[in-house]
Number of protein chains: 2
Amino acid sequence: MQIGAAAEASGVSAKMIRHYESIGLIANGARRDNGYRDYDQRDLHELRFIRSARDLGFSLEEIRALLDLWRNKARSSRDVYALAARHLHQIETKITELQAMSQTLRQLLHACHSDQRPECPILDGLGGEGIRGVHR
Amino acid sequence: MQIGAAAEASGVSAKMIRHYESIGLIANGARRDNGYRDYDQRDLHELRFIRSARDLGFSLEEIRALLDLWRNKARSSRDVYALAARHLHQIETKITELQAMSQTLRQLLHACHSDQRPECPILDGLGGEGIRGVHR
DNA sequence: CCTTGACCTTCCAATCATGGGAAGGTGTTG
DNA sequence: CAACACCTTCCCATGATTGGAAGGTCAAGG
């Protein structure tokens, strides 16, 4: 299986497959005589794993750790749980931040007449001292 | 007012103030004889505006547009509203995506025993075919 | 036999917002 | 005069991904 087919089947672009290989996330796999990369079902499984983890927002470093656990038969599910729980917490923190932003934005939008006149509470709000957008 | 004081007062780092200047987000302002940048209350107001907009998640390109509107006395609040509304929509989309991720993660975490054994529904879920994390 | 087109290879660059650090100038204080 | 706290410009790194250039490989069709 060439890289294009593996990309198609896994949902990971050929570009990214090469990149993951270059940073050591996946092993430098088999090559054919012509130098083309060759993928089997095992590789495909790994790529799909990565794809799923990316879809859940795990960083490549987190995925590196997840792959280590996945490959390690002597792992404890506690370690996996801890990693995933930490990530969930990050996501929830992010959601909270975004909700604070969206709430402030909605208030500003609500105060704005949205007509042809220049007066605008949105600009006034941004120009004022200090927006509660959490962040930084 | 030197750049350090302006940074302190605006919440925008000196590094970023120079950067904003270099990309034309703020004007190439006044310099003293020694070459040091010099800031007044007007500049400070602008920096605070940028800082607030960043806190609300606006990109620098969106902020560029907002600043244009802010400086333009003949603006219509409708244009400001449209820009902000578009941004709010992006944020809400992002929140929805993150909520989908967090829900899937919570389900996986809930199924995991989190003990010393290797069996782990989290890894199984990631290895399975297709995670509903929205995204990409 | 040669061309076309669809693959593949490596390498370099761009994105976005920010920070780190080097190498050097300026200015005040002890 | 030295120490220190500023400032200047310039280059590089981050994270994940994409784009593109320049070139090799291979099968089908004229």
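In what follows, every heavy atom counts, from backbone to side chain, and hydrogens, waters and symmetry copies are set aside. Chain letters run A, B, ... following the sequence lines, proteins first, then strands; residues in each count from 1.
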Q) Roughly, in whole Å, what's the span from CD in B/E61 to C1' in C/dA14? A) 15 Å
Q: Return no unless some side-chain N or O of A/Q2 is found under 4.0 Å from OP1 or OP2 of C/dC7.
A: no
Q. How many Å lie between CZ on B/R32 and C1' on C/dT28, as a whole number?
A. 14 Å
Check nucleotides 10-12 of chain C against the protein and report each pair of N or O atoms closer than 3.5 Å, with its distance, or say if there are none.
residue: C/dT10; atom: OP1; partner: A/R31; partner atom: NH1; Å: 3.4
residue: C/dT10; atom: OP1; partner: A/R31; partner atom: NH2; Å: 3.0
residue: C/dT10; atom: OP2; partner: A/R37; partner atom: NH1; Å: 3.0
residue: C/dT10; atom: OP2; partner: A/R37; partner atom: NH2; Å: 2.8

**Q.** Length of the CD1-C1' vector between A/I3 and C/dC8, whole Å
**A.** 9 Å
Q) Does B/R75 have any side chain to side chain donor-acceptor pair (under 3.5 Å) partners at least two apart in sequence or in another chain, and if so, which? A) none
Q. Please, which pairs that meet side chain to side chain donor-acceptor pair (under 3.5 Å) have at least one residue in residues 76-86 of chain B, sequence neighbours excluded?
A. A/D115-B/S77, B/S76-B/D79
Q: Name all pairs fulfilling the ring pair (Phe, Tyr, Trp, His ring centres under 6.0 Å) condition that reach into residues 5-38 of chain A, sequence neighbours left out, sorted by first residue then second.
A: none
Q. So which heavy atom on A/I17 is nearest to which on A/I26, and how close?
A. O-CD1, 3.7 Å
Q) Atom CG of B/N28 to atom P of D/dT8: distance rounded to whole Å? A) 12 Å
Q: Would you indicate which nucleotide in D/dT17, C/dT18, D/dT8 comes nearest to any side-chain atom of B/R54?
A: C/dT18
Q | Minimum-distance nucleotide to A/M16 side chain [options: D/dA16, D/dC6, C/dT18] | A | D/dA16
Q. Tell me the ring pair (Phe, Tyr, Trp, His ring centres under 6.0 Å) pairs involving residues 87-117 of chain A, sequence neighbours left out?
A. A/F58-A/H87
**Q.** For atom CD of B/E8 and atom C1' of D/dC6, their distance in whole Å
**A.** 14 Å
Q.
What does the 5'-to-3' dot-bracket notation of DNA chain C look like when only Watson-Crick and G-U wobble pairs under 3.5 Å count, and pairs to other strands show as |?
A. ||||||||||||||||||||||||||||||
Q) How would you list, by chain and number, every residue that makes a side chain to side chain donor-acceptor pair (under 3.5 Å) with A/E61, sequence neighbours excluded? A) A/R64
Q) Residues two or more places apart in sequence or in another chain: which of them pass side chain to side chain donor-acceptor pair (under 3.5 Å) with A/Q90? A) none
Q: Under the side chain to side chain contact (heavy atoms under 4.5 Å, CB included) rule, collect the residues that match up with B/D38, sequence neighbours excluded.
A: B/A30, B/R32
Q: Would you mind reporting whether B/E21 and B/N28 have side-chain heavy atoms less than 4.5 Å apart?
A: yes
Q) For A/S13 and D/dT18, is the shortest distance between a side-chain N/O and OP1 or OP2 below 4.0 Å? A) yes
Q | Atom pair distance, as rounded to whole Å: CG in A/D38 and P in C/dC7 | A | 17 Å
Show each protein N/O and nucleotides 23-27 of chain C N/O combination with a separation under 3.5 Å, one pair to a line.
residue: C/dG25; atom: N2; partner: B/Y36; partner atom: OH; Å: 2.6
residue: C/dT26; atom: O4'; partner: B/Y36; partner atom: OH; Å: 3.2
residue: C/dG27; atom: OP1; partner: B/N34; partner atom: ND2; Å: 3.2

Q: Can you sort out the partners of A/E92 under side chain to side chain donor-acceptor pair (under 3.5 Å), two or more places apart, ordered by chain and number?
A: B/R106
(Q) Heavy-atom count check: over 12 atoms from other residues, nucleotides or ligands less than 6.0 Å from B/R31 CZ? (A) yes
Q: Could you note down all residue pairs passing salt bridge (charged side-chain N to carboxylate O under 4.0 Å, His left out) where residues 1-20 of chain B supplies at least one of them, sequence neighbours left out?
A: none
Q. Just how far, in rounded Å, is P of D/dT8 from OH of B/Y39?
A. 7 Å
**Q.** B/Y20 OH - C/dG19 C1' separation (whole Å)
**A.** 12 Å
